[in-house]
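Letters A, B, ... mirror the listed sequences (proteins, then strands); counts begin at 1.
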There are 2 protein chains.
Amino acid sequence: MPVRRERADAARNRLRVLAAAEALFAEQGVADTTMDEVAARAGVGKGTVYRRFGDQAGLAAELLSERGRELQERIMSGPPPLGPGAEPQERLAAFAAAYLEFQATHLDLVLLSESGSAGSRLRKGSYAFWRQHCAWLLSQAGAVDPALRAEALLASLSAEQVQDWVGRDGADVSALAAGLARLAATLATA
Amino acid sequence: MPVRRERADAARNRLRVLAAAEALFAEQGVADTTMDEVAARAGVGKGTVYRRFGDQAGLAAELLSERGRELQERIMSGPPPLGPGAEPQERLAAFAAAYLEFQATHLDLVLLSESGSAGSRLRKGSYAFWRQHCAWLLSQAGAVDPALRAEALLASLSAEQVQDWVGRDGADVSALAAGLARLAATLATA
DNA sequence: TGACGAAGCGGACTGTGGTCCGCTACGGTC
DNA sequence: GACCGTAGCGGACCACAGTCCGCTTCGTCA
């Protein structure tokens with residue numbers, strides 16, 4: 001299949017839209033920013049935004065995967081226990097804590113990226129990476145049903161769940177992280 | 001506080017709306033039914049629907065809690081292993097399987113009830129019951145962090161997760177149920 | 001039974017996400 | 001450089017969730 005290059009104007013507009021969205025989200029919050037505003041700020045028609053990103057969730061996912069790249073780096077080639085070198089069980093616990101922090105930090109963006117009726121929402125973008133990583137660690141640790149448990153763990157760290165937890169338990173995120181790390185370890189050993 | 005009785009016309013309209021929604025959902029699917037249609041079918045203004053149910057999610061939750069009541073009965077006073085009489089661990093495994101089936105059966109309704117930006121979405125209505133039940137069984141089984149693990153288990157059975165699973169793995173729901181039952185047992189023992 | 005305060009009603013209205021389609025300009029070819 | 005097929009553009013347009021507020025009806029008290 002011929003890998004058709006992205007046209008110059010399309011590339012320019014893509015960057016403009018991403019920059020505009022990032023700026024508006026920072027200035028006035030994710031919830032108060034409309035797609036029209038993003039398009040206007042980017043100096044671009046609304047149709048262009050939708051052609052490129054599909055919908056709001058797609059735009060959010062794009063922004064998010066940029067930010068997730070850094071965490072992916074730390075996992076693949078950073079120091080243990082998050083990176084390679086530690087026991088699978090420890091790595092999984094470290095991942096749970098780190099991923100919780102990531103989700104909590106970008107909560108509204110993640111929430112947006114998961115919303116909408118676009119088939120299997122979050123199941124696009126970087127989600128595959130997280131799932132793969134967890135499933136791999138679980139199977140290394142000799143757990144049963146590694147694929148299923150990977151998804152179970154990630155489901156416990158979904159935006160809805162995290163929102164609920166931080167909203168209810170307030171600032172006690174570190175206790176939560178500890179509990180989730182214990183949970184991850186349990187999943188890996190049994 | 002004075003428990004003000006529901007006005008007669010309000011009660012009548014509430015039943016009409018619920019019946020209209022149920023009929024339309026059955027006839028043309030949840031996704032293709034608009035709030036205007038529900039209101040029109042019920043012979044009621046749109047404002048009335050919103051006054052009573054808050055939003056789409058609220059309406060869906062109401063319908064859902066009616067249907068969930070039956071499962072609640074089976075849990076509280078039905079035969080084991082779902083009902084009382086079996087070991088906590090077995091009951092939890094049975095619950096996981098039964099709840100999965102419930103979610104899969106009412107998938108689009110549950111999805112709708114969880115959508116929307118109304119604070120902590122599903123965290124209203126019957127969710128409290130499920131959480132309570134799981135947390136109780138887990139603590140009976142001597143598990144650590146019973147409250148957290150109850151939520152983790154339910155998160156793994158959230159509508160998004162279930163949708164993803166049945167959408168991807170197709171008809172193999174029984175294998176999934178078995179895996180989730182194992183997972184529940186693991187959570188209870190460790 | 002009449003009167004009155006308030007709960008409840010309803011549908012016009014608004015804001016926003018997403019679509020559509022005629023127009024533009026990019027970039028490959030001769 | 002001129003030409004042309006097509007990817008990409010843009011903003012008018014549409015559908016639908018949710019709000020608002022003047023009007024209606026309920027039910028209570030005398």
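Positionally, the nearest nucleotide of DNA chain D for A/Gly45 lies more toward the 5' end than for the other of A/Gly45 and B/Lys46. Ranked by how close their nearest DNA chain C nucleotide is to the 5' end, B/Thr48 and B/Arg7 are led by B/Arg7.
D/dA17 atom C1' lies 16 Å from atom CG of B/Asp32, rounded to whole Å. Residue B/Met35 contributes atom CE, which lies 8 Å from atom C1' of D/dA17 at whole-angstrom precision. Atoms CG (B/Asp55) and P (D/dA17) sit 11 Å apart, rounded to a whole Å. Atom CZ of B/Arg51 and atom C1' of D/dT24 are 13 Å apart (whole Å). Look at OH on A/Tyr50: it is 14 Å from C1' on D/dC13, rounded to the nearest Å. When the P atom of C/dC9 is taken as reference, atom CZ of B/Phe53 falls 11 Å away, rounded to whole Å. The distance between atom CD of A/Glu37 and atom P of C/dG15, rounded to the nearest whole Å, is 13 Å. Nucleotide D/dG18 holds its C1' atom 10 Å from the CG atom of B/Asp36, rounded to whole Å.
Taking only side-chain nitrogens and oxygens, A/Arg52 comes nearer than 4.0 Å to OP1 or OP2 of D/dC9. Residue B/Asn13 places at least one side-chain N or O closer than 4.0 Å to OP1 or OP2 of C/dC9.
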Residues B/Glu37, B/Lys46; criterion salt bridge (Lys or Arg N to Asp or Glu O under 4.0 Å); working and verdict: CA-CA 9 Å; B/Glu37 284 178 309; B/Lys46 204 155 53 134; over 6 Å; no
Residues A/Glu90, A/Glu87; criterion side-chain contact (heavy atoms from CB on, under 4.5 Å); working and verdict: CA-CA 5 Å; A/Glu90 289 177 63; A/Glu87 289 300 302; 3.6 Å; yes
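Hydrophobic clustering, with ILVMFWY side chains joined whenever heavy atoms are under 4.5 angstrom apart, keeps B/Phe53 apart from B/Leu15.
Put simply, the side chain of B/Arg74 does not reach to within 4.5 Å of the side chain of B/Arg69, judged on heavy atoms.
If you run side chain to side chain contact (heavy atoms under 4.5 Å, CB included) between B/Leu107 and each of B/Thr105, B/Leu109, B/Leu111, only B/Leu111 comes through.
The side chain of B/Val44 approaches C/dG10 more closely than any other nucleotide in the set C/dG10, D/dG10, D/dC16. Nearest nucleotide to the side chain of B/Asp9, out of C/dG17, C/dG8, D/dG27: C/dG8.
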